[in-house]
K.L.:
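Quick one: the structure is below, questions incoming.
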There are 6 protein chains.
Amino acid sequence: MYSVTVSHHLMVAHSLVGAVFGPAQRLHGATFVVEAELRRETIDAAGIVCDIGRALDLLKVVLGDLDYHNLDELVEFRGRNTTTEFLAAEIHRLRVVLRENPVAWAAYDAPLG
Amino acid sequence: MYSVTVSHHLMVAHSLVGAVFGPAQRLHGATFVVEAELRRETIDAAGIVCDIGRALDLLKVVLGDLDYHNLDELVEFRGRNTTTEFLAAEIHRLRVVLRENPVAWAAYDAPLG
Amino acid sequence: MYSVTVSHHLMVAHSLVGAVFGPAQRLHGATFVVEAELRRETIDAAGIVCDIGRALDLLKVVLGDLDYHNLDELVEFRGRNTTTEFLAAEIHRLRVVLRENPVAWAAYDAPLG
Amino acid sequence: MYSVTVSHHLMVAHSLVGAVFGPAQRLHGATFVVEAELRRETIDAAGIVCDIGRALDLLKVVLGDLDYHNLDELVEFRGRNTTTEFLAAEIHRLRVVLRENPVAWAAYDAPLG
Amino acid sequence: MYSVTVSHHLMVAHSLVGAVFGPAQRLHGATFVVEAELRRETIDAAGIVCDIGRALDLLKVVLGDLDYHNLDELVEFRGRNTTTEFLAAEIHRLRVVLRENPVAWAAYDAPLG
Amino acid sequence: MYSVTVSHHLMVAHSLVGAVFGPAQRLHGATFVVEAELRRETIDAAGIVCDIGRALDLLKVVLGDLDYHNLDELVEFRGRNTTTEFLAAEIHRLRVVLRENPVAWAAYDAPLG
């Protein structure tokens with residue numbers, strides 16, 4: 001199994017609903033460092049899983065819709081808690097890791113439908 | 001010259017005033033990884049610049065007043081842009097570095113008054 | 001598959017029995033940076049795998065029993081080599097990585113019984 | 001499942017054939033940070049997956065054949081694109097990750113034949 | 001003293017002239033992670049040392065002239081050894097650090113003329 | 001001002017004397033990641049501050065005397081607390097940083113006599 005991973009980051013505000021979140025129920029923010037991994041059983045004739053430059057550009061486009069926003073105000077997330085786990089599945093291309101600070105991160109891993 | 005550095009992080013929302021900030025004029029957020037460095041010409045009889053545990057606890061107390069807040073709503077920052085540079089000077093104990101994402105960080109360095 | 005990872009560290013002394021360990025047969029020490037990953041097929045109604053704060057507190061409690069000790073003197077490890085691999089399985093909650101220095105680390109991965 | 005990972009790096013020149021590579025079709029170079037992971041269901045009587053020192057030495061020998069070379073001139077890679085994915089499979093011991101810069105890396109994962 | 005640092009990377013081939021360089025006399029390559037630090041005694045009315053976005057764009061332009069090239073073939077470096085130290089001074093904006101691999105890096109630090 | 005930094009690590013046991021050290025009064029251990037920086041106003045005819053390979057070898061020799069030892073038993077440290085600050089000055093070549101865990105490190109900086 002081959003894989004290629006590209007990484008970019010986004011800087012967002014949000015708040016979380018539920019007593020379990022403690023102080024994170026307040027409006028606060030995060031720099032999420034996103035790592036998107038693409039996997040393939042074989043590499044193509046050029047010797048690659050995919051075009052790394054295009055993969056990185058695609059990741060930047062996906063994150064660009066969220067970057068520098070307050071996630072609480074985005075229509076597509078209405079009524080949802082934008083936890084690190086939830087965002088990992090939203091951004092997900094194959095395996096996605098979101099590092100929210102030096103001691104906590106979340107990931108979502110699934111085949112593309 | 002000896003130095004000791006301790007590090008902790010905080011997760012805040014804020015917005016910045018001025019066309020120079022582009023999309024960062026919108027309410028967004030950041031995980032700031034803070035590195036506070038304390039310097040001294042000599043070490044004491046115990047062989048230390050200061051008690052690392054106490055320095056780390058002190059840093060956590062200082063950051064605890066800001067952590068999980070929207071800085072736009074804090075009275076002490078009213079009318080100020082809470083840029084990475086500004087925050088470095090606010091938190092500053094001797095030399096402070098704030099890493100806001102993997103490709104940009106700011107620092108403030110000055111003797112304590 | 002969702003996962004959440006929390007990280008903390010511990011600083012211990014130990015020695016290892018067996019010619020294969022070379023100089024590590026002498027009493028020496030290590031800072032182990034521990035990464036504990038918890039996995040779940042779905043997230044709950046709050047949008048999380050688990051409470052990150054509680055997971056981090058739990059990890060600190062588990063590591064607190066070992067931190068700042070000579071592992072050679074702990075009753076529970078008597079007659080065992082406290083290798084990085086062995087410790088990963090001891091601390092293990094689901095997947096545990098212990099980084100012992102910048103060029104070597106070990107992990108243990110298993111379902112909870 | 002236990003695993004041990006050792007890491008070393010190499011500094012090589014190469015060029016890549018195919019329009020998909022854009023500017024990387026020119027002769028350029030990379031520092032590849034290689035992480036080789038070895039896995040085993042159980043640890044041996046000494047409490048280890050393998051001898052970490054020997055694993056690191058072995059990795060250095062494998063990388064030593066490539067280090068400080070122009071990969072375009074090596075006979076064994078004639079007619080092949082030495083992409084990060086391809087190199088991961090060449091170096092591969094069980095799971096190999098090659099980090100080529102801070103925002104892109106590739107891996108190859110397979111059982112040993 | 002305030003400072004802001006921005007970081008980007010480049011991937012180049014080169015060789016070095018002189019017995020002191022051992023195997024690095026052969027054509028090889030490197031990923032250089034460049035950190036450019038800008039310093040100023042005060043911050044401006046907007047609360048910044050400079051526009052981070054513009055600083056990062058400027059750094060990318062400067063590095064873009066070198067990226068994906070064989071430095072041995074660039075006219076401006078003819079007759080010079082493109083060591084890490086030399087490149088740090090070439091790229092230099094105020095303080096520049098070039099990390100060439102996980103265990104070696106170089107820097108150049110000087111006021112702008 | 002030019003500088004070159006090389007890095008290696010050591011794994012030692014030790015204990016510290018004085019109530020200020022709390023649990024670190026017990027025999028415990030650490031992985032110290034050592035960064036040794038060498039500075040020079042100019043580079044030589046070869047374009048370097050010094051031979052990086054030789055600098056790294058020298059650092060390994062210096063650290064080799066301490067690596068895999070219990071510092072409490074070394075004659076040269078008798079009656080001294082082997083704090084991170086103290087060790088930084090002992091190992092010191094020009095500027096030395098010792099990272100003892102992800103949130104605390106110490107440095108010593110002085111001209112060579």
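Reminder, nothing fancy here: chain letters follow the sequence lines and each chain counts from 1.
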K.L.:
Heavy atom to heavy atom, less than 4.5 Å: which residues from residues 54-70 of chain D reach chain C?
P.N.:
D:L56
K.L.:
Specify the closest pair of heavy atoms between C:E85 and D:Y2, including all atoms of both residues, with the distance to one decimal.
P.N.:
O-CE2, 3.6 Å
K.L.:
Relative to chain D, which segment of C:R95 carries a heavy atom at a distance below 4.5 Å: side chain, backbone, both, or neither?
P.N.:
side chain
K.L.:
Is there a donor-acceptor pair under 3.5 Å between the side chain of C:T83 and the backbone N or O of D:G47?
P.N.:
yes
K.L.:
Please look at D:I43 and chain C and tell me whether the side chain, the backbone, both or neither of the residue comes under 4.5 angstrom of a heavy atom of that chain.
P.N.:
side chain
K.L.:
Considering only heavy atoms and a distance below 4.5 Å, find which of D:V4, D:I52, D:V6 pairs most often with chain C.
P.N.:
D:V4
K.L.:
Under 4.5 Å, heavy atom to heavy atom: which of residues 10-26 of chain C reach chain D? Give them by number, or say none.
P.N.:
C:V20, C:F21
